[in-house]
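Remarks on the structure that follows.
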Amino acid sequence: MNAPLKNSRRLFLKHSTGLVIGFSSVPALLAQNNTTPPLPGSLAGNPQIDSWLYINPKGIVTVYSGKVEFGQGITTALKQIVADELDLDINRIEMIPTTTGLSPNEGVTSGSQSVEFGGLALRYACAQAKGTLLEKAATQLGVPQSELRVSDGNILAKSGQSTSYWSLTEDKLLNQRANLKYKPKDASAHHYIGISVPRVDIPAKVSGGAAYVQDMRMHGMLHARVVRPPAPRAQLLSIDEVKIKALPGVVGLVRDGSFLAVVAKREEQAIKALDLAKSLAKWELKNDLPASYKDWYASMKKINGVVTEHAIKSNPSNPAVKTLVGEYTKPFIMHGSIGPSCALAIMNQGVMKIYTHSQGMYPLQTDLVKALGMPPEKIICIHTEGSGMYGQSGADDVALDAALVARAFPEKPIRMHWTREEEMKWEPFGSAMSMKVAASLDQSGKIVDWQFELWSNTHSTRPGAKTGNNLFTSWYLNDPQKPSPITNIPLPGGGTHRNAIPLYNFPNQKVVNHLIEEMPIRASALRTLGAYANVFAIESMMDELAKAANTDPVEFRLKHMDNQRARDVITKTALLAKWNPKQLSAKKNGKLYGRGFAFAQYKNLQVWNAAVADVEIDPTTGKVRVTHFYSVADAGLIINPDGFKNQIEGGLIQAASWTIFEEVQFDKTQIKNSSWGDYPILRFEDVPEIEVELINRPSEKSVGVGEGSQGPGGAAIANAVAAATGKRVYDLPLSPTRIKNSLTKT
């Protein structure tokens with residue numbers, strides 16, 4: 001453990017058993033005084049200032065965040081926030097990976113909320129810490145606090161007297177509740193916020209360093225692999241353990257019900273043992289999957305599910321003269337993490353430590369407690385970045401797999417690494433969705449009625465629910481646990497219905513959401529949840545309506561948009577792309593070319609984003625290629641411009657992959673995808689040119705950006721394809737087969 005942690009009384013009580021307990025989390029749960037204003041961001045659940053930072057007398061500020069880094073760049077952004085608020089050189093700041101019992105409990109790092117909620121909490125915590133130190137300095141120096149200024153932790157008075165954070169700090173100084181007495185700096189005083197500070201997580205990733213949990217190695221480590229069933233809900237009948245244990249390097253097997261893991265001294269030995277075990281294991285299969293995704297959509301439509309409605313009704317001045325109806329679908333899609341899920345676990349003196357790339361340390365701990373039957377203080381989850389995330393991949397599940405083996409081999413570090421096939425077949429997929437839109441125009445070409453109906457499984461079966469267990473291995477144990485009840489994330493953020501309520505101004509609108517609880521195929525959070533599909537349907541219909549109204553698609557959107565920030569994003573994107581409604585399609589050298597436009601505000605709460613996509617289509621093969629993206633985004637005060645652009649660019653590339661290629665295949669017995677050969681994703685040769693511009697609004701709060709461009713990006717591609725071919729494809733992905741079929745239809 002590093003020195004700042006050893007010296008912080010706020011953090012740890014170390015017991016002789018090696019147990020580590022954070023005691024600042026207790027006051028964090030105390031109810032707030034109803035007479036005081038609500039605490040901002042994640043301070044509401046973690047109001048103790050010393051749960052966020054520790055000022056070390058040696059000249060280092062240690063920061064504890066409950067939000068984890070998984071490629072979105074928040075470690076860098078949060079360091080910038082702290083450096084600015086405390087007036088420090090950024091190199092003095094040490095970020096501690098999220099660890100249960102140590103870090104504030106900010107739940108799951110999801111929903112593009114890290115800067116908006118976690119960053120905001122840090123701004124206020126740092127402002128209060130600085131104010132506390134200045135109060136103490138003013139008393140010590142005998143000068144008014146208003147006459148003090150700070151330069152890299154040195155506190156200077158106009159009289160020439162000075163002191164520093166490092167000489168004033170003491171263990172209990174920040175053991176206080178957030179009180180909002182001190183406010184964060186005005187944007188005009190920022191030095192780091194708004195600057196493209198180089199990402200601290202990048203060097204190891206590009207240099208071959210130890211960047212990920214997959215790279216971790218410990219002395220005496222054993223390697224483990226799980227023998228998975230060939231299909232969901234299968235039961236293990238028998239296994240010849242003797243033959244497996246006879247293999248070189250194999251040190252044992254761990255079996256608990258239908259959970260079976262092989263353990264070896266070396267990774268290649270574990271893989272050989274896995275291959276043999278798979279050939280020897282006898283399973284009872286259920287054969288209860290739907291025959292295809294089309295069958296799944298048909299079954300969804302027959303199930304009413306949990307229905308929620310949103311409606312606005314008024315009397316438009318003009319009656320409807322034309323109605324268009326469209327039904328759009330999105331298949332199950334997978335995270336497709338480049339690095340299969342991995343975790344390291346060690347059981348030492350009754351304490352289980354797990355190094356994991358889960359997006360939620362505390363929610364994961366909750367379900368590990370249920371599965372292992374251990375008290376929460378005996379399970380420590382330590383975040384270590386993984387190669388590939390953005391939603392609930394196998395990162396949570398592999399942590400339980402590793403822990404089950406570590407419990408059977410105490411004092412030995414256990415490295416549990418899933419195979420590529422295992423990752424593709426057993427991660428929770430992004431749910432399939434079906435959306436039906438009916439919209440009516442009046443004689444002036446304005447929308448006077450909008451009806452939107454959707455069907456979807458849940459988009460969140462993450463760990464951490466009060467009842468049940470969402471770590472799927474727990475369902476296969478000798479004493480099996482049940483999944484948590486199916487729920488939907490409520491509006492305004494929403495889950496299945498995220499972005500289903502249009503931001504446009506329609507006098508009559510109705511949105512009906514069917515949450516389908518029956519789930520033979522496991523589904524959970526994938527980046528944007530329901531927003532990607534809902535924006536695809538809404539923005540596709542907006543283009544169809546614009547065409548029916550004989551109006552430029554950009555002008556048509558502006559005609560129905562009152563929000564000025566949305567209008568600015570739409571207008572600036574059109575300018576960036578040199579949008580010309582008379583040049584949206586062309587045919588050249590035997591290929592079809594098209595341009596498409598789309599817009600959304602993520603969750604109707606966060607980043608405003610619009611995109612123009614240029615596509616090229618080979619009519620012989622049906623292959624779609626995105627050649628260029630243009631995009632403008634507004635997320636209020638920008639913390640790190642380059643990091644912001646990274647997120648928009650990455651989202652657009654991911655949208656291209658989802659929209660053109662990705663679809664989980666299955667039959668009644670099993671998931672059929674097991675490699676990149678049968679689950680294609682966007683390759684480097686197909687990555688488009690991307691131009692992104694940002695609108696900075698220093699006087700506005702920072703909002704989330706990480707999931708803002710996937711919906712507009714995917715919808716812009718769909719609209720570009722429709723412009724190029726003159727035919728609308730309603731089912732994702734826009735695969736060569738679907739494109740060729742659309743071209744042959746009359």
- Modelled atom types, side-chain donor and acceptor of S709 and N609, under 3.5 Å: no
- Query: If you look at every heavy atom in P47 and G45, which pair is closest and at what distance?
  - Reply: CD-C, 3.6 Å
- Give a yes or no answer on whether the side chain of S484 reaches the backbone of T467 with a donor-acceptor pair at less than 3.5 Å. yes
- Message: Quick one: does any side-chain atom of N46 pair with a main-chain N or O of N105 as donor and acceptor, under 3.5 Å?
- Response: yes
- Given the rule in the side-chain contact (heavy atoms from CB on, under 4.5 Å) test, do V150 and L134 qualify, once you have shown the distances and angles that lead to the verdict? CA-CA 9 Å; V150 181; L134 290 178; 3.8 Å; yes
- Contacts of W166 meeting ring-ring contact (aromatic ring centres under 6.0 Å, His included) (sequence neighbours excluded), chain-then-number -> none
- Task: Given side-chain contact (heavy atoms from CB on, under 4.5 Å), test L515 with T308 step by step and report yes or no.
- Result: CA-CA 8 Å; L515 171 65; T308 54; over 6 Å; no
- Query: Which pair of non-hydrogen atoms, one from P428 and one from Q392, has the smallest distance, and what is that distance?
  - Reply: CG-O, 2.9 Å
- Query: Does some side-chain heavy atom of Y192 sit less than 4.5 Å from a side-chain heavy atom of N640?
  - Reply: no
- Query: Got a sec: does the NZ of K183 have more than 12 other heavy atoms crowding it under 6.0 Å?
  - Reply: yes
- Message: Just checking K412: does its NZ atom have more than 12 heavy atoms from other residues, nucleotides or ligands closer to it than 6.0 angstrom?
- Response: no
- Message: Can you confirm whether the side chains of Q176 and Q128 place a donor and an acceptor under 3.5 Å from each other?
- Response: yes
- Item | Side chain to side chain, I55 and V61, heavy atoms closer than 4.5 Å | yes
- Query: So, N91 versus D89: side-chain donor-acceptor pair below 3.5 Å or not?
  - Reply: yes
- Does any N or O in the side chain of Q80 come within less than 3.5 Å of the main-chain N or O of I195, such that one atom is a donor and the other an acceptor? yes
- Heavy-atom pair of closest approach, residues L86 and A129: CD2-CB, 4.4 Å
- Roughly how far apart are L400 CG and S358 OG, rounded to 0.5 Å? 12.0 Å
- Message: Please evaluate residues E94 and T62 with respect to the criterion side-chain hydrogen bond (donor to acceptor under 3.5 Å, both in side chains), reporting the C-alpha separation (whole Å), side-chain torsions for both, the decisive distance (0.1 Å), and the verdict.
- Response: CA-CA 5 Å; E94 177 187 37; T62 304; 3.2 Å; yes
- Item | Distance-only donor-acceptor check, side chains N513 and T496, under 3.5 Å | yes
- Message: Less than 3.5 Å apart, any donor N or O on the side chain of E385 or H357 sitting next to an acceptor on the other?
- Response: no
- Task: Determine yes or no for a side-chain-to-main-chain donor-acceptor pair under 3.5 angstrom, with N488 supplying the side chain and P490 the backbone.
- Result: no
- Task: Taking all non-hydrogen atoms of both residues into account, name the closest pair between T76 and P198 and its distance.
- Result: CG2-O, 3.6 Å
- Just how far is it from atom CD of Q113 to atom CD1 of I74, taken to the nearest 0.5 Å? 11.5 Å
- Message: Could you walk me through whether K205 and D215 satisfy the salt bridge (Lys or Arg N to Asp or Glu O under 4.0 Å) test, starting with their C-alpha distance in whole Å, then the side-chain angles of each, then the deciding distance to 0.1 Å, before giving a yes or no?
- Response: CA-CA 11 Å; K205 295 174 181 177; D215 301 321; over 6 Å; no
- Task: Report yes if the side chains of K482 and N469 come closer than 4.5 Å at any heavy-atom pair, otherwise no.
- Result: no
- For D634, the salt bridge (Lys or Arg N to Asp or Glu O under 4.0 Å) test, sequence neighbours excluded, returns R565, R697
- Item | Sequence neighbours excluded - salt bridge (Lys or Arg N to Asp or Glu O under 4.0 Å) pairs with any residue from residues 70-85 | E85-R123
- Query: Sub-3.5 Å donor-acceptor pair from the side chain of Q365 to the main-chain atoms of I379, do we have one?
  - Reply: yes
- Item | Minimum heavy-atom distance V703-L605, with the two atoms named | CG1-O, 4.1 Å
- Message: Within this structure, what is the OG1-CD1 distance for the pair T356 and I382, rounded to the nearest 0.5 Å?
- Response: 10.5 Å
- Message: Looking at D367 and K370, is any side-chain nitrogen of the basic one under 4.0 Å from a carboxylate oxygen of the acidic one?
- Response: yes
- Message: Tell me if a side-chain donor or acceptor on R92 pairs with a main-chain N or O of G59 at a distance below 3.5 Å.
- Response: yes
- Answer yes or no: is there a donor N or O on one side and an acceptor on the other, between the side chain of R527 and the main chain of G706, under 3.5 Å? yes
- Say you draw a straight line from CG of N470 to CG of D397; how long is it, rounded to the nearest 0.5 Å? 9.0 Å
- The ring-ring contact (aromatic ring centres under 6.0 Å, His included) partners of Y602 (sequence neighbours excluded) come to none
- Task: Determine the minimum heavy-atom distance between A345 and M352, stating which atoms define it.
- Result: CB-SD, 4.2 Å
- Quick one: which residue pairs count as a salt bridge (Lys or Arg N to Asp or Glu O under 4.0 Å) with a foot in residues 104-117, not counting sequence neighbours? E116-K701
- Query: Between S341 and E423, is any side-chain donor less than 3.5 angstrom from a side-chain acceptor?
  - Reply: yes
- Query: Is there a donor-acceptor pair closer than 3.5 Å between any side-chain N or O of Q710 and the backbone N or O of Y532?
  - Reply: no
- Item | V68 backbone acceptor or donor facing Q72 side chain under 3.5 Å | yes
- Query: Is there a donor in the side chain of Q359 and an acceptor in the side chain of T109, or the other way round, less than 3.5 Å apart?
  - Reply: no
- Please assess I96 against V63 for the test side-chain contact (heavy atoms from CB on, under 4.5 Å), listing each intermediate value before the final yes or no. CA-CA 6 Å; I96 301 300; V63 177; over 6 Å; no
- Look at the aromatic rings of F472 and W426 and report parallel, tilted or perpendicular, splitting at 30° and 60°. parallel
- Message: Does any part of the side chain of L471, heavy atoms only, come nearer than 4.5 Å to the side chain of L368, both counted from C-beta?
- Response: yes
- Message: Side chains of D401 and W418 only: does a donor on one sit below 3.5 Å from an acceptor on the other?
- Response: yes
- Item | Backbone of S460 reached by a side-chain donor or acceptor of T458 within 3.5 Å | yes
- Item | ring-ring contact (aromatic ring centres under 6.0 Å, His included) partners of F70, counting only residues at least two apart | Y390
- Message: Run D87 and K185 through salt bridge (Lys or Arg N to Asp or Glu O under 4.0 Å) and show every step you take.
- Response: CA-CA 10 Å; D87 289 306; K185 284 183 178 181; 2.4 Å; yes
- Query: Hey, what do you get for CD1 (I489) to CZ (R462), rounding to the nearest 0.5 Å?
  - Reply: 8.0 Å
- Item | Minimum side-chain heavy-atom gap H190-L637 below 4.5 Å | yes
- Between OG1 on residue T366 and NZ on residue K466, distance to nearest 0.5 Å: 11.5 Å
- Message: Applying side-chain contact (heavy atoms from CB on, under 4.5 Å) to L491 and I501, what does each step give before you reach the verdict?
- Response: CA-CA 10 Å; L491 292 172; I501 299 173; 3.8 Å; yes
- Message: Please determine whether a side-chain nitrogen of the Lys or Arg among K130 and E135 lies less than 4.0 Å from a carboxylate oxygen of the Asp or Glu.
- Response: no
